[in-house]
Amino acid sequence: MSEMRAARYDRYGPPEVLYEGTLPKPVAGPREVLVRVHATSVNGGELSGRAGKAKLVTGRKFPQGTGVDIAGEIAEVGSAVRHLAVGDRVWGVMPHWTFGAAAEYVAVRPRQLSFAPDGIDLVRAAALPAVGTTAITALRDKIGLRSGERLLVRGAAGGVGSVAVQLGHALGAHVTALAGAKTLDLVRELGADEAYDYRTTGPAALGPFDAVLDTVGTELRAYRGLLSPGGRMVAIAYDTDRPLSSLGSVLLSTVHGSRRVRIFTGDPLHQLFADLAAYVEKGAIRPVIDTVHPLSGVGAAHRAMEAGGVRGKHVIQVI
């Protein structure tokens with residue numbers, strides 16, 4: 001059995017536990033395709049998984065892999081797969097709470113993929129699948145954002161935030177962005193009508209808004225209070241220092257009051273990736289990349305993301 005390179009770790013811990021190792025190359029099952037991965041990128045869930053903060057899901061069996069986003073080309077097609085062929089350019093994500101895309105090959109069901117958008121190379125494309133589908137689900141499907149509405153995006157320079165600013169602009173909303181001082185020009189370039197340094201502009205100086213997308217997770221009650229009557233908020237993060245009160249506040253607000261908070265778990269499938277590709281092809285959404293790292297530099301990518309101040313995504317180039 002041939003082997004492949006992959007990012008691995010043998011115990012939970014800091015970014016330094018990550019290394020480039022080898023493991024057997026997977027084989028596509030009858031209802032799977034084998035993707036030769038060109039690149040992946042780092043998402044918050046992978047940091048939590050590697051640090052051991054999600055042991056109920058990730059378990060205690062080692063070694064484990066990392067990486068969710070997939071951008072590559074079909075290398076093998078299972079006997080029951082009809083609409084994909086060897087050589088097709090595809091993008092997507094690993095199944096929910098499954099890591100391992102930081103590897104030369106992955107075997108997945110076709111429902112986890114769609115054709116990658118034309119006009120963009122696969123390394124750049126790797127920055128978008130997870131965060132792009134999260135932004136679409138949040139703003140289009142959960143909030144139902146309409147043209148002319150006022151949208152606040154917290155964490156606007158990060159992975160999800162940088163896409164949400166672009167999508168909000170494309171949907172015709174008036175977009176207010178909260179981000180670090182060094183990234184305010186970036187979020188304005190992405191389509192923000194107003195941009196403020198989150199360190200100097202708090203919720204007391206803002207509002208009202210028809211919609212809020214919170215990618216930060218702190219002070220959720222205060223930011224919910226900025227919603228106009230009938231306003232909608234999606235929170236995709238919670239306060240890790242106060243997890244019970246933070247999550248409790250969000251859950252309570254999903255059923256009580258006129259200013260509702262929506263929550264969802266990210267498990268996008270084929271149609272969402274196709275919708276994201278359409279936005280990219282018409283120029284409404286573009287990837288925002290902080291740094292491209294080699295597979296051997298996956299630990300450095302995790303370390304940089306944990307340090308904060310990220311502009312978009314840290315991408316891991318595999319081939």
Side-chain angles (χ1 to χ4, degrees), residues 114 117-120 127-179 183-198 201 203 205-216 220 222-237 250 253-254 257-264 266 268-288 312-313:
S114 81
D118 294 330
I120 181 173
L128 283 174
V131 296
T133 52
T134 297
I136 291 172
T137 301
L139 297 187
R140 186 192 69 182
D141 302 338
K142 297 296 181 179
I143 286 178
L145 187 66
R146 298 183 293 272
S147 179
E149 291 193 309
R150 296 181 61 84
L151 167 69
L152 173 66
V153 179
R154 288 189 76 199
V160 175
S162 62
V163 178
V165 169
Q166 297 177 74
L167 181 59
H169 177 75
L171 293 174
H174 180 281
V175 181
T176 298
L178 281 179
T183 60
L184 296 182
D185 286 342
L186 168 66
V187 295
R188 291 189 186 100
E189 291 171 9
L190 295 176
D193 298 284
E194 301 177 58
Y196 300 101
D197 180 358
Y198 73 91
T201 304
L206 298 168
F209 297 98
D210 303 294
V212 174
L213 174 59
D214 193 300
T215 74
V216 180
L220 292 179
Y223 282 96
R224 182 195 178 200
L226 300 181
L227 291 173
S228 57
R232 298 88 68 205
M233 176 175 175
V234 165
I236 63 168
V250 170
S253 64
T254 63
S258 65
R259 299 171 177 87
R260 296 291 180 87
V261 178
R262 275 77 166 171
I263 57 174
F264 63 93
L269 298 177
H270 167 80
Q271 187 57 53
L272 264 179
F273 300 120
D275 292 348
L276 177 60
Y279 279 115
V280 173
E281 288 176 345
K282 66 184 180 183
I285 291 175
R286 64 175 175 88
V288 179
K313 296 299 294 295

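Side-chain atoms are counted along with the backbone in the values below, which use heavy atoms only and exclude waters and symmetry mates. Residue numbers run from 1 in the order of the sequence given.
Leu213 CG to Leu167 CG: the interatomic distance, rounded to the nearest 0.5 Å, is 10.0 Å. Put simply, CG on Leu269 and OG1 on Thr133 are 9.5 Å apart, with the number rounded to the nearest 0.5 Å. The structure places CZ of Arg140 at 12.0 Å from CG of Leu145, a figure rounded to the nearest 0.5 Å. Summarising the geometry, atom OG belonging to Ser162 is positioned 8.5 Å from atom CZ belonging to Arg286; distances are rounded to the nearest 0.5 Å. Asp141 CG to Leu272 CG: the interatomic distance, rounded to the nearest 0.5 Å, is 6.5 Å. For the atom pair CD of Glu281 and CG of Asp118, the computed distance is 4.5 Å after rounding to the nearest 0.5 Å.
Thr215 contributes a side-chain N or O that, together with a main-chain N or O of Arg154, makes up a donor-acceptor pair within less than 3.5 Å. Here the side chain of Gln166 pairs no donor or acceptor atom with the backbone of Leu190 at under 3.5 angstrom. Between the side chain of Thr183 and the backbone N or O of Ala179, no donor-acceptor pair lies under 3.5 Å. With Thr201 contributing its side chain and Tyr198 its backbone, the two residues share no donor-acceptor pair below 3.5 Å. Although no hydrogens or angles enter the test, the distance criterion places a donor-acceptor pair under 3.5 Å between the side chain of Asp193 and the main chain of Val175.
Among pairs with a residue in residues 159-179, none fulfils salt bridge (charged side-chain N to carboxylate O under 4.0 Å, His left out), at least two apart in sequence or across chains.
Partners of Tyr279 by side-chain hydrogen bond (donor to acceptor under 3.5 Å, both in side chains), not counting sequence neighbours: none found. Under the side-chain contact (heavy atoms from CB on, under 4.5 Å) criterion, Ala130 pairs with Asn43, Asp69, Val93, sequence neighbours left out. Checked against salt bridge (charged side-chain N to carboxylate O under 4.0 Å, His left out), Glu194 has the following partners two or more places apart in sequence or in another chain: Arg150. The side-chain contact (heavy atoms from CB on, under 4.5 Å) test applied to Ala278 returns no partner, not counting sequence neighbours. The salt bridge (charged side-chain N to carboxylate O under 4.0 Å, His left out) test applied to Asp210 returns no partner, not counting sequence neighbours.
A 6.0 Å sphere centred on NE2 of His174 holds more than 12 heavy atoms belonging to other residues, nucleotides or ligands.
Of all the heavy atoms in Val165 and Ala192, the pair that sits closest is CG1-N, 3.5 Å. Residue Leu186 comes nearest to Val288 through the heavy atom pair CD2-CG1, 4.1 Å, listed as atom of the first residue, atom of the second, then distance. The two atoms that bring Ala164 and Leu151 nearest to each other are O-CD2, 4.4 Å, heavy atoms only. The two residues Leu226 and Pro203 come nearest to each other via the heavy atoms CD2-O, 3.2 Å.
Within the 4.5 Å cutoff, the side chain of Asp214 has heavy atoms near those of the Met233 side chain. Counting heavy atoms from C-beta on, the side chains of Ser147 and Leu171 never come closer than 4.5 Å. Side-chain contact check for Phe209 versus Ser228: every heavy-atom pair is 4.5 Å or farther apart.
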Applying side chain to side chain contact (heavy atoms under 4.5 Å, CB included), run through Val131 and Lys313 and close with a yes or a no.
CA-CA 9 Å; Val131 296; Lys313 296 299 294 295; 3.8 Å; yes
Side chain to side chain contact (heavy atoms under 4.5 Å, CB included) evaluation trace for Val234 with Val212:
CA-CA 6 Å; Val234 165; Val212 174; over 6 Å; no
Show the numbers, then the answer: is there a side chain to side chain contact (heavy atoms under 4.5 Å, CB included) between Val280 and Leu128?
CA-CA 10 Å; Val280 173; Leu128 283 174; 3.8 Å; yes
Between Tyr196 and Leu152, is a side chain to side chain contact (heavy atoms under 4.5 Å, CB included) present by the stated rule, with each step listed?
CA-CA 11 Å; Tyr196 300 101; Leu152 173 66; over 6 Å; no
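The only option from Leu276, Val160, Leu139, Val163 that meets the side chain to side chain contact (heavy atoms under 4.5 Å, CB included) definition with Thr134 turns out to be Val160.
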